[in-house]
> 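A single structure is presented below for examination.
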Amino acid sequence: MSLLELKDVHAFYGGIEALKGISLTVNEGEIVTLIGSNGAGKSTTLKSICGQVKVTGAITFDGKNITDQAVHQTAAAGIAHVPEGRRIFPRLTVKENLEMGAFSVKDKDVVSQMMERVFAYFPRLKERLRQLGGTMSGGEQQMLAIGRSLMMQPRILLLDEPSMGLAPILVEQIFEIIRELNREGMTILLVEQNAYQALQIASRGYVIQSGEMIMEDEASVLLESRKVKEAYLA
Amino acid sequence: MISDLLHSLPQVLVDGLTLGAVYAVVAIGYTLVYGILELINFAHGEIFMSGAFIGTAVMLMFESAGWLGAMPGWLAYMLIMAAAMLVTGLMGVGIERVAYRPLRSAPKLISLISAIGVSFFLQDLVRFIAELSTGSYLISSSTLYNDNLQLRVSKLGGSLGDAFLKTNTVILIVVAVLLMVGLDLFVKRTKWGIAMRAVAQDRETAALMSINVNKVIALTFFIGSALGGATGVLFAQQYGTVDPFIGYVLGIKAFTAAVLGGIGSIRGAMFGGLFIGMVEMFASANLGVLTSGNFGGEYKDVFAFAILIVVLIFKPEGLFGKAVKEKV
Ligand SMILES: Nc1ncnc2c1ncn2[C@@H]1O[C@H](COP(=O)(O)OP(=O)(O)O)[C@@H](O)[C@H]1O
Ligand SMILES: [Mg+2]
């Protein structure tokens, strides 16, 4: 059984239909990537999963129907969404940002264990605990955003363009960490415009265009596909 | 002239501190709600007034039941305070639920009008209840700790005069400071306090952290309103008489204090409250002297509003506020 499944999901912003009946599955332990150009509906797909937009269709997580569940409830159920643009709390310190990630974790020992684990991935964060989130560089903020979501001990990570606006060397680092998280068992749904790199670390991929899934296949197959090459890897 | 100013200075400081402490705690209520909803909760002045009435009502109840002599003053004070804080806190939660939450995605102006509506509703409701039960909307009760103290500042020499106050003045200032320190610690140190700040900064992302945003907003209203209600009790104990309209002008001045400090900033609200309290008392004592009798102390109210206008024109983000970037 797949961990996350979307079936014929439609999403609307007012009268605009941003998703026109998409389907997608993510199995436990996979990295699945969703690629597409600007405005295709990638972010809307992630927002549909975590309850930020109203949808019709069916979304199931771990066998339970989570369609239109409140955002804080999907988060508590184990879906961590690292939003586009990172969305660090700018006037909370790094430590407070991390603590908010662990908001629904009751046990303080677990929180500090999780924090140590986050520091193992991102040693930089440990040096900056007292700094305000908003004063960090883009790369550091992305690390904090991922670290913050790990504090939730999620069962799946939804990453929305984690490489956006970062220098190539940082992009490299972020992708390496995504791969490492996955090796340690984390299931990941990765949204990227950086299609080449995303397909290289993913096992499967979906291509979305104007709110419709136009392709779905093994990542290696998509990497070789002429259509994908022309449209997204140029 | 200088010696006149100096003579009244000790009294001005005591009165300014007292009034300033009241403004400061009420201002925090405005700033907390604004910080989280970007809404000016105009009903907050009426929450303060309701606190004063509840405190007075419980006091009258104690009196008529003959319990007042039977229990120590501090216990009566604490019970009155607790009752007023609980009821006003719940009122705040109810007001948010009924008058603001359904309008949360509507334009801000609509919520503002709703807030003004709630404000008038509470004035009339309290007036109705007061007149129904006592025949008058001006209500007095006996007060606790009303023995007079004299600060013999004149002994320090110069032209300084003495300052007169009551034991309750000291209680008012101390309790107000404790409330502010407690709130500051809560917001800085506790998980729910940090969540309040997180929701204020980015509501959507806070929800992604599994924070129940509605619960945090309700908590914010509870705390802000309970602080306002507690201040109402302190006020009623200080002045002995309350009426349904005491929250109106006081609320606007406390709001001015919040704007001066930088609306959304808790420490700014504290500073703004003290500043306006001081300015007002200074004006009230000295305007006559300074203008050779052309303007009397009754013009003191002008200052709060002049400050409001000057701040809004020259430094709309306030002294401690951050220039707000328009949210995309
Ligand atoms: N809040 C919104 N209101 C109205 N339209 C929106 C909103 N957010 C996104 N859209 C529209 O929905 C479509 C999909 O957007 P999005 O999912 O953000 O694309 P992507 O993440 O692939 O760049 C676009 O046409 C975009 O203009
Ligand atoms: Mg997007």
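In what follows, chains are A, B, ... by sequence order, proteins preceding strands, each numbered from 1. Scope of the values below: all heavy atoms of this structure, side chains included, with no hydrogens, waters or symmetry mates. Keep in mind that this is a model prediction, so the values were computed, not measured.
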> Atom NZ of residue position B:K315 - does it have more than 12 heavy atoms of other residues, nucleotides or ligands inside 6.0 Å?
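Yes - once you tally the heavy atoms of other residues, nucleotides and ligands closer than 6.0 Å, there are more than 12.
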> What are the two closest heavy atoms between B:I211 and A:H72, and how far apart are they?
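Distance-wise, the nearest heavy atoms are O-CB, 3.3 Å.
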> Can you tell which part of A:M152 gets under 4.5 Å to a heavy atom of chain B, answering side chain, backbone, both or neither?
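Contact with chain B is through the side chain of A:M152 alone.
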> Got more than 12 heavy atoms from elsewhere within 6.0 Å of CZ, B:F275?
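Counting other residues, nucleotides and ligands, CZ of B:F275 stays at 12 neighbours or fewer.
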> Within the 4.5 Å heavy-atom criterion, are A:R148 and B:T205 side-chain neighbours or not?
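In short, these two side chains touch, coming nearer than 4.5 Å.
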> To the nearest 0.5 Å, tell me how far B:M209 CE sits from A:S104 OG.
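These two atoms lie 10.0 Å from each other.
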> By number, which residues in residues 174-194 of chain B have some heavy atom less than 4.5 Å away from chain A?
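If one takes a 4.5 Å heavy-atom cut-off, the residues of residues 174-194 of chain B near chain A are B:K188, B:K191, B:W192, B:I194.
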> Please classify the contact of A:V111 with chain B as side chain, backbone, both or neither, using a heavy-atom distance under 4.5 Å.
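For A:V111, no heavy atom lies under 4.5 Å from chain B.
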> Has B:R101 got more than 12 heavy atoms of other residues, nucleotides or ligands less than 6.0 Å from its CZ?
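Result for CZ/B:R101: enclosed.
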> Would you mind telling me which of A:A80, A:A75, A:A76, A:A70 has the largest number of heavy-atom pairs within less than 4.5 Å of chain B?
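Ranked by heavy-atom pairs under 4.5 Å with chain B, first place is A:A75.
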> For the residue pair A:F103 and B:A195, what are the closest heavy atoms and their distance?
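Where A:F103 meets B:A195 most closely, the heavy atoms are CE1-CB, 3.7 Å.
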> Should A:E96 and B:R197 count as side-chain neighbours, where that means a heavy-atom distance under 4.5 Å?
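Yes, close enough: below the 4.5 Å cut-off.
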> When rounded to the nearest 0.5 angstrom, what distance separates OG in B:S265 from CZ in A:R91?
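Reported value, rounded in 0.5 Å steps: 10.0 Å.
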> Take atom CZ of B:R97 as the centre, draw a 6.0 Å sphere, and report whether it contains more than 12 heavy atoms from other residues, nucleotides or ligands.
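Atom CZ in B:R97 is not packed in, count stays at 12 or less.
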